[in-house]
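If you're wondering where the values come from, they're calculated on a predicted model, not measured in any experiment.
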Amino acid sequence: MRQSQLFTKTRREAPSDEVSKNAQLLIRAGFVHKEMAGVYDLLPLGLRTFNKVVGIIREEMNAIGGQELHLSALQDPAVWQKTDRWDDKKVDSWFKTELKTGGALGLGFTHEEPLTNLMREQVSSWRDLPTYPYQFQTKFRNETRAKSGLMRTREFVMKDLYSFSTNSTQHVEFYAKAADAYKKIFERAGLGGKTYMTFASGGSFSKYSHEFQTECEAGEDIIYIDDASKMAVNKEVYDDPEVYKTTGINKATLREAKAIEVGNIFTLGTRFSDALGLTYKNKEGTDTPVFMGSYGIGPARLMATVAELLSDAKGLVWPASVAPFDVHLVELSGGNEDVKKEAEEVYRELTAAGVEVLFDDRDARAGEKFADSDLMGIPLRVVVSQKTLAEGKFECVERHGGHTTHKTLSELITDLPRGKAGLSHV
Ligand code: ATP
Ligand code: MG
């Protein structure tokens, strides 16, 4: 893409009402626009990164048997009344609205109820199980705190997968696979080293749920990390030592840290299938409640966590896997036609080789181009100038760490990691 045609502008200053670092950087770099407190728009660069995150999650969910669908945001109160989650006293984050013809509707904050209800038409026998539908879909939550930028918003896309199993044994097998898939996702997105599978409180069907917590100063949670096992317990579990003994984590070496929950996995058991009547006939022909689990990740929260953790004083620093482009090609022609021609040629060749390139073809000063490039955080900057033209090699600067090399076009093409052009979006 030509930067001269990118309609978003970088900003030197973050808006004065924006206190969170991730939002400040993403706004300054032109990735997002703040609509109001807790509500953000994704601009072209932001959407590209968001879609890369979505693509990674989708690949890992498909790899463990997930089947993608898309449920509605508008919710029928009747279904939620059956599980006693319609009442504002039971769920404080509802956004509700009215039909013109009379009657209330909800804007879904999660989707256990409608999906369990829907599955009653699809599941009848043990042969129909297990099954793992999932979606990337917008949730609405009337969050009281909205000070963490894109980490906590009132409207956000969630990847939510739900497992429907015959019994707890079948469920536990999938739960372990899902945990592994989550580890791969956070690893691939660049957060592996700082993300801990964390014991959190469970529910009636399991002592624990598991959160995936990324150590981060801006995080809203407190966790206790066991560095040896790379596991952690969250504060609610830690505060009840009787409980956390059974996690198998060593109490003695735990270290306290602030963290952000980037994902979680939860055993639901038959809480929803009992309330909504989702049963299957087992091999003996007996009606049996389906055993469920739920598995959530917020792609924009994940993107914000990467922005928060992997940035530096100059701006964003994206890992190649979620960067909006693979290469930031910067032309410094100073009006020289040969340099311009050369830069056009490099753009054409890189693009033809499947490399995703943002081509800074603007008529601007070098300082401005470099500052913008640092702010946007594309992993590799390739500079075409009179100097590089004379050398026959281009200057290649890694955004992370600043390592600089000089390469010919063919060396560059061979060495580059390719982004996943065309990873489909939500
Ligand atoms: P938290 O404890 O941070 O409030 P939660 O426990 O309510 O989150 P879930 O309802 O299980 O989270 O949602 C699953 C995932 O969706 C979370 O792990 C997180 O990645 C993401 N998520 C939750 N709430 C938000 C939000 N307000 N804004 C952005 N992402 C969110
Ligand atoms: Mg939570």
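Inter-residue side-chain proximity for Leu191 and Leu302 is flagged as met; some heavy-atom pair is nearer than 4.5 Å. In this structure, the side chains of Pro44 and Phe7 come closer than 4.5 Å at one or more pairs of heavy atoms. In this structure the side chain of Leu380 reaches within 4.5 angstrom of the side chain of Glu398, judged on heavy atoms. Looking only at side-chain heavy atoms (C-beta outward), Met119 and Pro133 come within less than 4.5 Å of each other. In this structure the side chain of Met231 never reaches within 4.5 angstrom of the side chain of Thr247, judged on heavy atoms. Side-chain atoms of Cys216 and Met151, non-hydrogen and from C-beta on, do get closer than 4.5 Å to each other. Residues Val54 and Lys159 are not in side-chain contact: their nearest non-hydrogen atoms beyond the backbone lie 4.5 Å or more apart. Here the side chains of Val53 and Val306 are not in contact, with every heavy-atom distance at 4.5 Å or above.
In this structure, Trp80 and Phe109 have tilted ring planes: the angle between them lies in the 30° to 60° band. Between His171 and Phe291, the ring-plane angle classifies as tilted under the 30° and 60° cut-offs. Ring-plane geometry between Tyr182 and Phe212 is classed as tilted, the angle between the planes lying from 30 to 60 degrees on a 0 to 90 degree scale.
Counting heavy-atom neighbours within 6.0 Å of Lys184 NZ, excluding the residue itself, gives a total of 12 or less. Atom NZ of Lys314 has 12 or fewer neighbouring heavy atoms from other residues, nucleotides or ligands inside a 6.0 Å radius. Heavy atoms from other residues, nucleotides or ligands lying under 6.0 Å from CD of Gln81 number more than 12. Counted within 6.0 Å of CG on Asp363, heavy atoms from surrounding residues, nucleotides or ligands total 12 or fewer; the atom is thus considered open. By the neighbour-count criterion of 12 heavy atoms within 6.0 Å, atom NZ of Lys407 is densely surrounded, having more than that number from other residues, nucleotides or ligands.
Closest approach of Tyr208 and Tyr175 over heavy atoms only: O-OH, 4.3 Å. Minimum heavy-atom separation, Leu71 to Leu118: CD2-CD1, 3.7 Å. Taking each heavy atom of Leu105 and Trp86 in turn, the nearest pair found is C-CH2, 3.6 Å. Nearest approach of Thr49 to Val322, heavy atoms of both residues: OG1-O, 3.0 Å. Heavy-atom minimum distance, Ile297 versus Phe186: CD1-CZ, 3.9 Å. What you find for Gln122 and Asp128 is that their closest heavy atoms are O-OD2, 3.7 Å.
Lys369 places a side-chain N or O within donor-acceptor distance of the main-chain N or O of Arg362, the cut-off being under 3.5 Å. Under the 3.5 Å distance criterion, the side-chain polar atoms of Gln75 are matched with a main-chain donor or acceptor of Ser72. Side-chain atoms of Lys52 come within 3.5 Å of backbone N or O of Ala323 as a donor-acceptor pair. In this structure, Asn22 contributes its side chain and Leu150 its backbone to a donor-acceptor pair below 3.5 Å. Looking at Glu18, its side chain never comes within 3.5 Å of a backbone N or O of Pro15 through a donor-acceptor pair. The closest donor-acceptor contact from the side chain of Arg154 to the backbone of Arg141 lies at 3.5 Å or more, if one exists at all. Side-chain atoms of Thr153 come within 3.5 Å of backbone N or O of Glu155 as a donor-acceptor pair. Side chain of Glu331 to backbone of Val339: no donor-acceptor contact under 3.5 angstrom is found. The backbone N or O of Gly315 sits less than 3.5 Å from a side-chain atom of Asp312, completing a donor-acceptor pair. Although no hydrogens or angles enter the test, the distance criterion places a donor-acceptor pair under 3.5 Å between the side chain of Glu236 and the main chain of Ser201.
Under the side chain to side chain contact (heavy atoms under 4.5 Å, CB included) rule, Met376 has a single partner from Leu358, Thr8, Leu25, which is Leu358. Residue Glu220 is tested with Arg145, Lys235, Lys147 for a salt bridge (Lys or Arg N to Asp or Glu O under 4.0 Å); the sole match is Arg145.
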Leu115 vs Gln135, test: side-chain contact (heavy atoms from CB on, under 4.5 Å). Steps then yes/no. CA-CA 11 Å; Leu115 185 58; Gln135 60 178 343; over 6 Å; no
Please assess Arg188 against Glu59 for the test salt bridge (Lys or Arg N to Asp or Glu O under 4.0 Å), listing each intermediate value before the final yes or no. CA-CA 11 Å; Arg188 288 178 63 183; Glu59 281 181 6; 2.8 Å; yes
Take Arg301 and Ile260, measure what side-chain contact (heavy atoms from CB on, under 4.5 Å) needs, and give me the verdict at the end. CA-CA 9 Å; Arg301 181 181 285 189; Ile260 177 82; 3.8 Å; yes
Could you check Phe394 against Val330 for side-chain contact (heavy atoms from CB on, under 4.5 Å), going step by step and ending with a plain yes or no? CA-CA 10 Å; Phe394 307 103; Val330 177; over 6 Å; no
For a side-chain contact (heavy atoms from CB on, under 4.5 Å) check, start with the C-alpha distance between Glu342 and Thr388, then their side-chain angles and the critical distance, and finish with the verdict. CA-CA 10 Å; Glu342 178 84 348; Thr388 65; over 6 Å; no
Could you walk me through whether Glu112 and Arg85 pass the salt bridge (Lys or Arg N to Asp or Glu O under 4.0 Å) test, one step at a time? CA-CA 11 Å; Glu112 281 84 1; Arg85 291 214 291 179; 3.2 Å; yes
Could you go step by step and tell me if Asn234 and Gln213 meet the side chain to side chain donor-acceptor pair (under 3.5 Å) rule? CA-CA 9 Å; Asn234 80 4; Gln213 294 273 5; over 6 Å; no
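For an aromatic pair to be called close, the ring centres must be under 6.0 Å apart, and His33 with Tyr40 fails this. For Phe174 and Tyr295, the ring centers sit closer than 6.0 Å to each other.
Using a 4.0 Å cut-off between a side-chain N of Lys or Arg and a carboxylate O of Asp or Glu, Glu344 and Lys341 do not qualify as a salt bridge. Between Asp372 and Arg12, at least one side-chain nitrogen of the basic residue sits less than 4.0 Å from a carboxylate oxygen of the acidic one, meeting the salt-bridge criterion. In summary, Glu356 and Arg48 engage in a salt bridge, as defined by a charged side-chain N under 4.0 Å from a carboxylate O. Here Asp84 does not pair with Arg271 in a salt bridge; the nearest charged N to carboxylate O distance is not below 4.0 Å. We find that Asp361 and Lys340 are not joined by a salt bridge, their nearest charged nitrogen and carboxylate oxygen being 4.0 Å or further apart.
Taking CD1 of Ile64 as the reference point, atom NZ of Lys177 lies at 8.0 Å (rounded to 0.5 Å). Considering OH of Tyr238 and CG of Leu254, their distance stands at 6.0 Å, rounded to 0.5 Å. A distance of 13.0 Å separates NE2 of His111 from OG of Ser294, quoted to the nearest 0.5 Å. With rounding to the nearest 0.5 Å, the separation of CG in Asp180 from CD1 in Ile185 is 11.0 Å. The OG atom of Ser209 sits 10.0 Å away from atom CG of Leu268, with the distance rounded to the nearest 0.5 Å. Here OG of Ser148 is found 8.0 Å from CD of Glu308. Values are rounded to the nearest 0.5 Å.
Annotation: cation-pi pair Lys230/Tyr196 present, NZ/CZ under 6.0 Å from the ring centroid and within 45° of its normal.
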